[in-house]
Amino acid sequence: MQPHLPTAVTIKPAQEFEAQQSVSKQAWVASPQLASAGARNAGLDALRASLTLLVVMHHTAITYGAIGGWFYREVSTDRSLSSTLLVYFCTVNQAFFMGLFFLLAGYLTPGAVERHGTRRYAIDRFKRLGLPLLFFGWLLGPVTIAMAQTARGHAFADTLVKLLRDGTFENGPLWFAQALLIFACVAMLWLKLTPRLQQLWPGQGEIAPWPSNVAMLGAATVTGAVALVLRVFWPVGVNVWGLQLGYFSSYVVLFAFGCFAARHHWLEFLPADKVRTWWRVALLALPTLPIVYFLGRAVPGLREPVLGYVYAFWEPIVAWGVILKLLWEFQRKFTVLDGLWKSLVRRAYTIFIIHPPVLVAVALAWRGVPTNGLVKFAVTGTVTCALCFIFAGWLLRVPALRKIL
């Protein structure tokens with residue numbers, strides 16, 4: 001998952017877009033709530049909140065047999081059906097969900113800088129990203145580690161005191177806040193020091209058509225190639241200052257694309273033909289990785305070089321299709337948010353921050369109950385999402401926290 005992202009998007013009416021683009025209504029889908037400029041995009045809000053819950057489920061899957069780093073692993077990754085399905089679930093998630101968070105963050109960055117100015121935007125980023133990162137790193141992270149260590153017979157209080165005394169800093173999932181702070185700083189400097197980049201701001205310049213399929217394929221190819229190079233130095237699973245740099249190729253590309261796309265409101269005006277095309281491409285690509293993986297079991301000599309190459313290029317191909325499909329479907333479905341969805345959107349960032357200790361606590365509470373890993377995944381994930389929703393609501397009643405979260 002994700003840090004708080006500004007959710008107000010300045011949107012041009014569909015008629016203006018159509019006049020400037022000279023395209024038929026069948027060529028694109030506009031967010032249904034585009035009647036007034038400056039309206040909140042309910043679809044993007046709902047998507048961001050849903051991705052937050054997916055982050056919780058992703059970490060729950062790691063708890064019960066999927067691959068990945070997490071505070072507490074009750075079930076080791078093996079060749080069982082349960083573990084294999086959870087591994088694939090996490091692998092597909094990893095291809096798109098954090099990249100989509102970066103895309104949304106980049107999409108809202110130029111407008112936020114324009115509205116608030118560089119100084120105010122920098123202060124806001126530190127408050128909304130930096131403070132939660134520090135809080136989690138110095139306190140909530142060690143608390144979660146100490147909780148997880150109780151499964152190994154270590155006393156919670158003794159472990160926590162030792163971690164705090166040693167100055168342990170654990171960013172956990174708040175690595176995203178850390179990375180986004182870096183990206184935001186680069187974006188601010190870029191916009192500040194290069195006058196031409198002001199053309200990237202929403203409402204500046206002429207509306208341009210979406211990149212062609214050839215351009216998007218080229219971007220996916222370059223993204224995969226850069227990922228391969230990064231993973232030579234920082235293989236998947238290796239952290240540098242709490243960041244897995246092997247995945248950052250797609251993160252950088254999607255954040256930068258989001259910044260550029262903001263000028264043209266591309267995320268609101270999605271070409272239907274490209275959504276269909278790339279969704280079909282993603283569906284065709286999805287089984288490729290497991291096929292190569294299982295072939296690698298039969299021919300071990302092929303597994304390491306081939307699987308790594310396929311994985312690097314498989315990720316952006318899947319990501320482009322899934323991201324476009326999710327943007328399309330959520331904006332078509334959600335015109336306004338009310339009831340549970342409205343509450344979930346408001347609490348999403350808080351849920352993201354607090355879910356590690358809640359998830360570990362729920363998993364530990366019934367770790368002695370023997371049952372299938374998939375069952376535990378479903379129950380623990382659902383209970384954790386519900387508890388985090390409740391706890392987030394309580395925390396947001398505190399005025400000081402509401403200003404940050």
- [ ] Check the pair Asp124 / Lys127 against side-chain contact (heavy atoms from CB on, under 4.5 Å), numbers first and verdict last.
- [x] CA-CA 5 Å; Asp124 178 76; Lys127 181 175 69 174; 4.3 Å; yes
Task: Full working for side-chain contact (heavy atoms from CB on, under 4.5 Å) between Phe96 and Asn93 - done: CA-CA 6 Å; Phe96 76 91; Asn93 291 343; 4.1 Å; yes
- [ ] Begin with the C-alpha distance, continue with both residues' side-chain angles, and end with the deciding distance and a verdict on side-chain contact (heavy atoms from CB on, under 4.5 Å) for Val360 and Trp70.
- [x] CA-CA 10 Å; Val360 171; Trp70 186 239; 4.3 Å; yes
Task: Verdict with supporting geometry, Thr118 and Leu189, side-chain contact (heavy atoms from CB on, under 4.5 Å) - done: CA-CA 9 Å; Thr118 303; Leu189 291 174; over 6 Å; no
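Proximity of Leu344 to Leu53: side-chain heavy atoms (C-beta onward) are separated by under 4.5 Å at one or more points. Side-chain contact check for Ser83 versus Val75: every heavy-atom pair is 4.5 Å or farther apart. Put simply, the side chain of Arg263 does not reach to within 4.5 Å of the side chain of Pro110, judged on heavy atoms. Taking 4.5 Å as the limit, every side-chain heavy atom of Leu254 sits out of range of all side-chain heavy atoms of Leu100. By the 4.5 Å heavy-atom criterion applied to side chains, Cys388 and Phe352 are not counted as neighbours.
One distance of note links CZ of Arg152 with OG1 of Thr150; it measures 10.5 Å at 0.5 Å rounding. One finds the OG1 atom of Thr144 at 10.0 Å from the CG atom of Leu160 (value rounded to the nearest 0.5 Å). For the atom pair CZ of Arg73 and NE2 of His59, the computed distance is 11.5 Å after rounding to the nearest 0.5 Å. In this structure, CG in Leu307 is found 8.5 Å from OH in Tyr293, a value given to the nearest 0.5 Å. Within the model, atoms CG of Leu326 and CG of Leu51 stand 7.0 Å from one another, a figure rounded to the nearest 0.5 Å. Interatomic distance, Leu359 CG to Thr60 OG1, rounded to the nearest 0.5 Å: 4.5 Å.
The pair Arg231-Glu315 counts as a salt bridge, with a side-chain nitrogen and a carboxylate oxygen less than 4.0 angstrom apart. A salt bridge links Arg48 to Asp45: one of the charged nitrogens lies within less than 4.0 Å of a carboxylate oxygen. Salt bridge present: Asp166 and Lys162 bring a charged side-chain N and a carboxylate O closer than 4.0 Å. A salt bridge does not link Lys333 to Glu329: none of the charged nitrogens lies less than 4.0 Å from a carboxylate oxygen.
The aromatic rings of Phe89 and His58 sit tilted, their planes meeting at an angle between 30° and 60°. Relative ring orientation between Trp314 and Tyr88 is described as tilted, the plane-to-plane angle lying within the 30° to 60° band. In this structure, Tyr251 and Phe248 have perpendicular ring planes: the angle between them is above 60°, well past the 30° mark. Under the 30°/60° scheme for interplanar angles, the aromatic rings of Phe391 and Trp394 are found to be tilted.
Donor-acceptor pairing under 3.5 Å is lacking for the side chains of Trp366 and Thr371. Between the side chains of Asn171 and Trp241, not a single donor N or O lies within less than 3.5 Å of an accepting N or O.
Phe377 and Tyr64 have their aromatic ring centers separated by at least 6.0 angstrom. A centroid separation of 6.0 Å or more is found between the aromatic rings of Phe257 and Tyr107. Under the 6.0 Å cut-off for aromatic ring centres, Phe334 and Trp328 do not qualify, their centroids lying 6.0 Å or more apart.
Cation-pi geometry between Lys274 and Trp210 is not met at under 6.0 angstrom from the ring centre and within 45 degrees of the axis.
Note on residues 127-155: pairs passing ring-ring contact (aromatic ring centres under 6.0 Å, His included), not counting sequence neighbours, are Trp138-Phe169.
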